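In what follows, a single structure is set out as structure tokens and then discussed.
This one's a predicted model, so the numbers in the text were calculated from it and none came from an experiment.
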Amino acid sequence: MNRTDLKSACKALAAATALMLSLGTSVTHAAYPDRPIKIVVPYNAGGGTDVLSRAVAKGVGEVLHQSVVVENRPGASGMIGAEAVARSPADGYTLVSTAADTHTINPHVYPKISYDGRKDFTPVAQVGYLPYAIVVSPQLGINTIDEYVALAKQKPGKLTYASWGVGSSSQVAMEMLNVGQSLDVLHVPFTGAAPAMTAVMGGQVDALFVPLSLAKPAADAGKVKLLGLAAPKRFAGAPDVPTLTEQGIDVVAAPWIGILAPAGSPPAAVAKLSDAVAQAIKSDDVIRALTVGGLEINYRNAQDFAKFLVDDYALWGNTVKAANIKVE
């Protein structure tokens with residue numbers, strides 16, 4: 001090969017290399033998201049968190065013009081699905097849509113939890129919270145929270161309360177009331193909200209903290225007495241139900257619903273996802289679905305959600321410790 005041919009070959013190789021590098025750069029910096037996003041819901045399909053998450057996922061997909069797929073990974077009080085996301089690639093394409101239980105309650109209850117709810121995740125956005133209400137059996141013959149507290153103090157160790165499991169948000173919510181009012185009430189755990197509610201309606205158990213979306217219909221039908229809402233304010237979908245705080249009982253137990261990504265996820269992707277959630281929950285269809293599902297919409301962006309989780313972790317943790325709630 002002569003010198004002229006060698007120079008031509010070198011130029012061709014350089015041009016080919018430059019083309020390959022430019023193609024690689026364009027792929028590396030493709031606009032996010034350039035493929036479907038997966039949102040893991042760590043609870044059963046058809047449950048409250050699942051229904052709410054799917055409404056938000058649909059809205060986010062429409063905002064981002066990208067497919068958002070919901071995958072249910074239930075088990076171990078939400079910890080199986082949460083762990084799966086914590087161990088997923090931190091690329092913005094695998095998220096978890098979950099409730100307070102997995103991140104700010106379970107870490108206090110389960111000594112051998114397989115992930116760190118604070119270190120293994122990057123908060124994306126809070127969507128809102130579930131207003132919990134306290135209901136009691138009509139057979140107790142009471143109509144107000146003050147009457148319930150007085151009765152419990154008159155009969156220490158005699159009244160009972162239901163929950164959907166040891167360490168569940170339902171139990172911890174009731175213990176907030178018990179600890180705050182120095183009540184001695186016996187815990188009777190069930191395997192879900194439905195059987196717990198049935199037991200209260202039938203008079204087998206005296207009281208229960210349950211989402212307002214379940215409490216209100218039962219109360220309207222006369223099957224339970226609804227004594228108050230453990231939320232920061234009255235719920236727009238049921239403005240006639242007073243909060244416990246209004247009635248002089250300082251109990252706010254309103255588990256959040258939010259979206260998180262694996263720790264180390266790209267800040268630009270997290271910001272874009274957070275903005276997409278903010279836009280999605282302004283849609284009339286999404287608002288309707290969330291309200292019907294009993295969610296009080298209360299958006300927090302990634303930064304504010306992260307700050308909130310610090311306080312929420314302490315809130316639930318203090319009650320778990322005071323009530324000595326443990327799952328071995």
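Between the CG atom in Leu227 and the CG atom in Asp146 there is a gap of 10.0 Å [rounded to 0.5 Å]. Expressed to the nearest 0.5 Å, how far CG of Leu159 lies from CG of Leu151 amounts to 5.0 Å. Note that CD1 of Ile105 is 8.0 Å distant from OG of Ser168, once rounded to the nearest 0.5 Å. Put simply, CH2 on Trp256 and CG on Asn298 are 13.0 Å apart, with the number rounded to the nearest 0.5 Å.
Formation of a donor-acceptor pair under 3.5 Å by the Thr94 side chain with backbone atoms of Asp91 is not found in this model. Between the side chain of Thr160 and the backbone N or O of Asp206 there is at least one donor-acceptor pair closer than 3.5 Å. Proximity of a side-chain donor or acceptor of Tyr93 to a complementary backbone N or O of Asp34 within less than 3.5 Å is detected. The main-chain N or O of Met79 is never found under 3.5 Å from a side-chain atom of Glu83 such that the two would form a donor-acceptor pair. Judged by distance alone, with hydrogens and angles left aside, the side-chain atoms of Gln66 form a donor-acceptor pair with the main-chain N or O of Pro33 at under 3.5 Å. In this structure, Tyr161 contributes its side chain and Glu175 its backbone to no donor-acceptor pair below 3.5 Å. One N or O on the side chain of Lys272 and one on the backbone of Tyr32 form a donor-acceptor pair closer than 3.5 Å. With Ser170 contributing its side chain and Phe209 its backbone, the two residues share a donor-acceptor pair below 3.5 Å.
Nearest heavy-atom pair, Ala254 versus Ala231, reported as atom, atom and distance to 0.1 Å: CB-CA, 4.5 Å. When all heavy atoms of Ser265 and Thr122 are compared, the pair lying nearest together is N-OG1, 4.1 Å.
No side-chain heavy atom of Thr198 sits less than 4.5 Å from a side-chain heavy atom of Phe190. Ile249 is not listed as a side-chain neighbour of Met176, based on a closest heavy-atom distance of 4.5 Å or more. Contact annotation: the side chain of Lys321 never approaches that of Asn318 to less than 4.5 Å [non-hydrogen atoms, C-beta and beyond]. You'll find the side chain of Leu309 stays beyond 4.5 Å of the side chain of Gln126, heavy atoms only. Using a 4.5 Å heavy-atom cutoff, the side chains of Ile145 and Leu244 are in contact. In this structure, Asp304 and Asn301 have side chains that are in contact, with non-hydrogen atoms separated by less than 4.5 Å. Using a 4.5 Å heavy-atom cutoff, the side chains of Ser274 and Phe305 are not in contact.
The residues Arg288 and Asp285 are annotated as salt-bridged, a charged nitrogen and a carboxylate oxygen being separated by less than 4.0 angstrom.
If you check the side chains of Asn106 and Ser77, you find no donor sitting under 3.5 Å from an acceptor.
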Begin with the C-alpha distance, continue with both residues' side-chain angles, and end with the deciding distance and a verdict on side chain to side chain contact (heavy atoms under 4.5 Å, CB included) for Thr49 and Thr98. CA-CA 7 Å; Thr49 303; Thr98 188; 5.5 Å; no
- Query: Can you list the steps and then say if Ser97 with Tyr43 is a side chain to side chain donor-acceptor pair (under 3.5 Å)?
  - Reply: CA-CA 10 Å; Ser97 181; Tyr43 300 103; over 6 Å; no
When you look at Leu226 and Asp220, which way does the side chain to side chain contact (heavy atoms under 4.5 Å, CB included) test go after all the steps?
-> CA-CA 9 Å; Leu226 202 170; Asp220 290 343; over 6 Å; no
- Message: Between Val200 and Val136, is the side chain to side chain contact (heavy atoms under 4.5 Å, CB included) condition met? List the steps.
- Response: CA-CA 7 Å; Val200 175; Val136 298; 5.6 Å; no
Assess whether salt bridge (charged side-chain N to carboxylate O under 4.0 Å, His left out) is satisfied between Lys307 and Asp311, documenting all intermediate values.
CA-CA 7 Å; Lys307 294 176 183 176; Asp311 294 334; over 6 Å; no
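The local environment of CZ in Arg234 is crowded, with over 12 non-hydrogen atoms from other residues, nucleotides or ligands closer than 6.0 Å. Atom CG of Asp250 is surrounded by 12 or fewer heavy atoms from other residues, nucleotides or ligands within 6.0 Å.
Note on Leu130: it clusters hydrophobically with Tyr299, by side-chain heavy-atom contacts below 4.5 Å among ILVMFWY residues. Cluster annotation: Trp164 and Met201 are assigned to the same hydrophobic cluster (Ile/Leu/Val/Met/Phe/Trp/Tyr, side-chain heavy-atom contacts under 4.5 Å, transitive).
Remark: Arg87 is not positioned above the aromatic ring of Tyr115, lacking an NZ or CZ atom under 6.0 angstrom from the ring centre and at most 45 degrees off the axis.
Between His103 and Phe121, the angle of the ring planes goes over 60°, which puts this pair in the perpendicular group of the 30/60° scheme.
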